[in-house]
Structure formats: structure tokens, C-alpha cells
There are 2 protein chains.
Amino acid sequence: MSDSVALDPVDLEILRILQNDARTTYRDLASAVGVAPSTCLDRVARLRRSGVILGHALRLDPSRLGRRLEALLSVQVRPHRRELIGPFVERVRKLPESRALFHLTGPDDYLVHVAVADAADLQRLVLDEFTSVKEVARVETRLIFQQWSCGPLLPPGATHRPRPGAASA
Amino acid sequence: MSDSVALDPVDLEILRILQNDARTTYRDLASAVGVAPSTCLDRVARLRRSGVILGHALRLDPSRLGRRLEALLSVQVRPHRRELIGPFVERVRKLPESRALFHLTGPDDYLVHVAVADAADLQRLVLDEFTSVKEVARVETRLIFQQWSCGPLLPPGATHRPRPGAASA
DNA sequence: AGTGAAATCACAGTGGT
DNA sequence: ACCACTGTGATTTCACT
């Protein structure tokens, strides 16, 4: 089901470039990796079909949308049984403040990444949507001072070796 | 600098659709929100200029790239001073295993989201890149059982009300 | 699988309401 | 602010290697 896919260096280079800018034209892509534009199209279509590429997402600035404060909520759901955690997960996913949700090992079962307007909004969210719910045993709130995105995601051991003539911007 | 931008319902609808699929054509976008394609172009260009839209990113499936295990590392950096944390952040960002990095309030200063091949790979990463570094005082590792992405990011209070005729796929 | 040419279609101005 | 029109150029298909 989720087997790895065999990727040659051309595929890797395509993925690297598209992770920087997913709207790179096939023409530019082609000249960067050294194949024809139509071949690039084939490659990308295959990467989409094989499930390596899940989709294209917009990167938005939460603070420009009036969400100036982000936080991580560690949540204990007790008792930790399927009939409780299923609805919990769905409810949290539907909150407009939620950005991501993780089910983790360790004493805190869930981690929720939220983006809110301000501290008062965060307080309201925690009180109304988490601590007031009976299956939520504990919530720990940590504010995010700063966050960084990291380098492109590539297969383990993939030596990232741009070709001599390729523009790496 | 990071002031919110005034967004009308058409802008919000455009953002909602583009968050589902950032490659929606202006033609489809236009028919979905009920204005002309050229107007959509204007709207999106303004959203880019005003900084609401930061860019376009590819969503990849880590497991298809051979990274079948993800984890969150809580890291204490001591002493927590600028001359130590700057290089620490840059080093972590450059690791091919890093997906995201957060600087947080609370006893654990940093949270690192990593994607690795397997448990042995995770052990290697923690031992070689974190616990062996002298400014790293403590590392706590939690595995990610499952993760979910959440609804589209919208301004606080934006009632998400899709129009009757709009295709929401 | 990869290529190159040709048809189709989207994009980005311009000008007008 | 919105829309219609249009040239430019990117995307996609197809016959061929």
C-alpha cells in the first residue's frame, strides 16, 4: 500500500525544484533537469499517480489573516478508547483554529497545532473546545515563538547533487 | 509590517479553493466564485502582493519516499543564549530528516518534527545529531502514530459558507 | 522511456464600462 | 472594481525514435 517508489536522479531533481516553487513551468523544469518539457510532464504525472506527490498547497501567512498567535496543545484523552478518540479527532480537525493534529506515543496522546487571533482567543479555544469536554483529561499549552520550515523532503541517503549547468534557485 | 489584510467574501472563497488545490485555473476559480477570470487574476495577484499568499508548495507523502516513521523531538538547549541557539537552529534546519522546527515556551525549548526511514534511523539521528551535541541538554522522543491536516486557514470569525452552485472538490 | 512539432488552452495586459 | 478582448507563451497531445 505505501511502498516506496523507485526514483531516479531526474525525479529527485524535479521534486527538489517543485518543493521550492510548485509553480515552476515544465519548460523551466525541463531545462533545469536536462530533459524535454513533455518528458517532465510525464514524470510529474507519474509521481502524482504513484502517490509521491499528494497535491499542491498554498502557503499562507497566518498573521496576515489576523491569526497572530500560534500554539501547540498537548492533550490527554481519557479513557483512550476508539469510541472516544474518533469523535475527538474529527471535532478537533473541524475547528477553524486547528492547523495540524498528531496522535503520539507518550503520556500526552495528542498534539494540536493551532493558530489564533491573540491570547484571549487562545484562552477561549482551550476552555470552550478542550477542557470543557469530558473525555479531555488534561491540556498543556505551549506558545510558538518562532517556526521554521526545513529543507526539501527526499529519500533517505539521496545525495543532493545539482548538475553543473542547473539553476539552483 | 504584519498587519492583517481586509478580505471580502470573494477573497475568502478564492483562498479556500486554492488551499484545496493550488493549481486550480483562473477560469475554474472564476466560475466557482462568480466573477470574471481576469478579476480572479487581479484578486490573487493582490493577495500575493499583500503577503497573504507566501507561495506554492508541493505536498509529498514521506512514506512513499522511504521515510516510514515520523517523530517529534523535544529538545532543551542549555544555556539558552543567542550565540548557541542560532547555530543550533541552522544545523537542525539543514538535516534532511527535519520537516519542521518550533521554538516554544515551556521547559522544552524546541520541537523538531522529523521523518526517518525506521527506528534504527531515528536512533542514529537522535544519538548523532542531538544528544552528542554539547549544548543539547535533553531530548525526548515521541513517535507519531498518525497525523491529520486540518481545515483551510481563514481569518478569525470568517463563517465558511460555500455557495450553493460552487463545486467544493 | 524519451523527443519535437503542433494544437489547445491558460495567463497577463489593455482598454472600456 | 469589474469585465471583454487579445497576443503571448505554456501545457498537453501525438506520431516517431
Side-chain angles (χ1 to χ4, degrees), chain A residues 3-60 64-65 155 158 161-169, chain B residues 3-59 64-65 155 158 161-167 169:
Chain A
D3 266 347
S4 318
V5 178
L7 298 170
D8 67 17
V10 173
D11 291 320
L12 294 179
E13 188 68 11
I14 287 174
L15 289 177
R16 274 212 324 111
I17 293 170
L18 288 180
Q19 277 183 92
N20 280 342
D21 178 7
R23 283 200 337 179
T24 308
T25 66
Y26 289 107
R27 210 165 141 270
D28 294 348
L29 208 51
S31 71
V33 303
V35 298
S38 48
T39 305
C40 272
L41 189 72
D42 275 358
R43 296 278 193 147
V44 173
R46 189 168 341 135
L47 290 169
R48 295 188 115 265
R49 275 198 310 274
S50 62
V52 175
I53 296 176
L54 295 171
H56 294 249
L58 218 53
R59 292 188 307 109
L60 298 182
R64 300 274 172 163
L65 288 165
R161 195 183 342 164
R163 344 196 125 197
S168 66
Chain B
D3 267 346
S4 318
V5 177
L7 299 170
D8 66 18
V10 173
D11 292 320
L12 294 179
E13 187 68 10
I14 287 175
L15 289 178
R16 273 210 326 110
I17 293 171
L18 288 181
Q19 278 182 88
N20 278 343
D21 178 7
R23 284 201 335 180
T24 307
T25 65
Y26 290 108
R27 228 161 126 261
D28 295 348
L29 208 52
S31 71
V33 304
V35 299
S38 47
T39 304
C40 272
L41 190 74
D42 279 356
R43 297 279 193 144
V44 174
R46 186 164 347 132
L47 290 169
R48 294 189 117 265
R49 274 199 313 274
S50 63
V52 174
I53 295 176
L54 294 170
H56 295 250
L58 217 53
R59 292 188 308 110
R64 302 274 171 159
L65 288 166
R161 196 184 341 165
R163 347 196 122 197

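Protein chains get the first letters and strands the later ones, always in sequence-line order, with residue 1 at the start of each.
Residue B:Leu29 holds its CG atom at 5.5 Å from CD1 of B:Ile17, rounded to the nearest 0.5 Å. Taken to the nearest 0.5 Å, the CZ atom of A:Arg46 stands 9.0 Å off from the CD1 atom of A:Ile14. For the atom pair CG of A:Leu41 and CZ of A:Arg27, the computed distance is 15.0 Å after rounding to the nearest 0.5 Å. Here the NE2 atom belonging to B:His56 is positioned 5.0 Å from the CG atom belonging to A:Leu58, to the nearest 0.5 angstrom. Residue A:Arg48 holds its CZ atom at 9.0 Å from CG of A:Leu54, rounded to the nearest 0.5 Å. If you take CG on A:Leu15 and CG on A:Leu7, they are separated by 6.5 Å, rounding to the nearest 0.5 Å.
Closest non-hydrogen pair, B:Ala22 versus A:Ala57, comes out as CB-C, 3.9 Å. When every heavy atom of A:Arg43 is checked against every heavy atom of A:Asp11, the shortest pair comes out as NH1-OD1, 3.0 Å. In terms of heavy-atom proximity, A:Pro37 sits nearest to A:Ala30 at N-CB, 3.4 Å.
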Heteroatom pairs (N/O) under 3.5 angstrom, protein to nucleotides 3-6 of chain C:
from  : atom 1 : to      : atom 2 : distance (Å)
C:dT3 : OP2    : A:Ala36 : N      : 3.0
C:dT3 : OP2    : A:Thr39 : OG1    : 2.9
C:dG4 : O6     : A:Ser38 : OG     : 3.0

So which protein nitrogen or oxygen atoms get under 3.5 Å of nucleotides 15-17 of chain C's nitrogens or oxygens?
none

I'd like a table of atom pairs between the protein and nucleotides 15-17 of chain D - only N or O on both sides, under 3.5 Å - with the distance next to each one.
none

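Here D:dT12 presents its C1' atom at 18 Å from CZ of A:Arg43, a figure rounded to the nearest Å.
Partners of A:Ser50 by side-chain contact (heavy atoms from CB on, under 4.5 Å), not counting sequence neighbours, listed by chain and number: A:Val5, A:Val52.
Looking at heavy atoms from C-beta onward, A:Val10 lies out of side-chain contact with A:Thr39 at the 4.5 angstrom threshold. Proximity of A:Arg16 to A:Val33: side-chain heavy atoms (C-beta onward) are nowhere separated by under 4.5 Å.
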Worksheet entry | Base-contact (B) and sugar-phosphate-only (S) positions in nucleotides 6-11 of chain D, heavy-atom cut-off under 4.0 Å, - elsewhere | ----SS
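Near DNA chain C, defined here as any heavy-atom distance below 4.0 Å, there are no residues from residues 45-57 of chain A.
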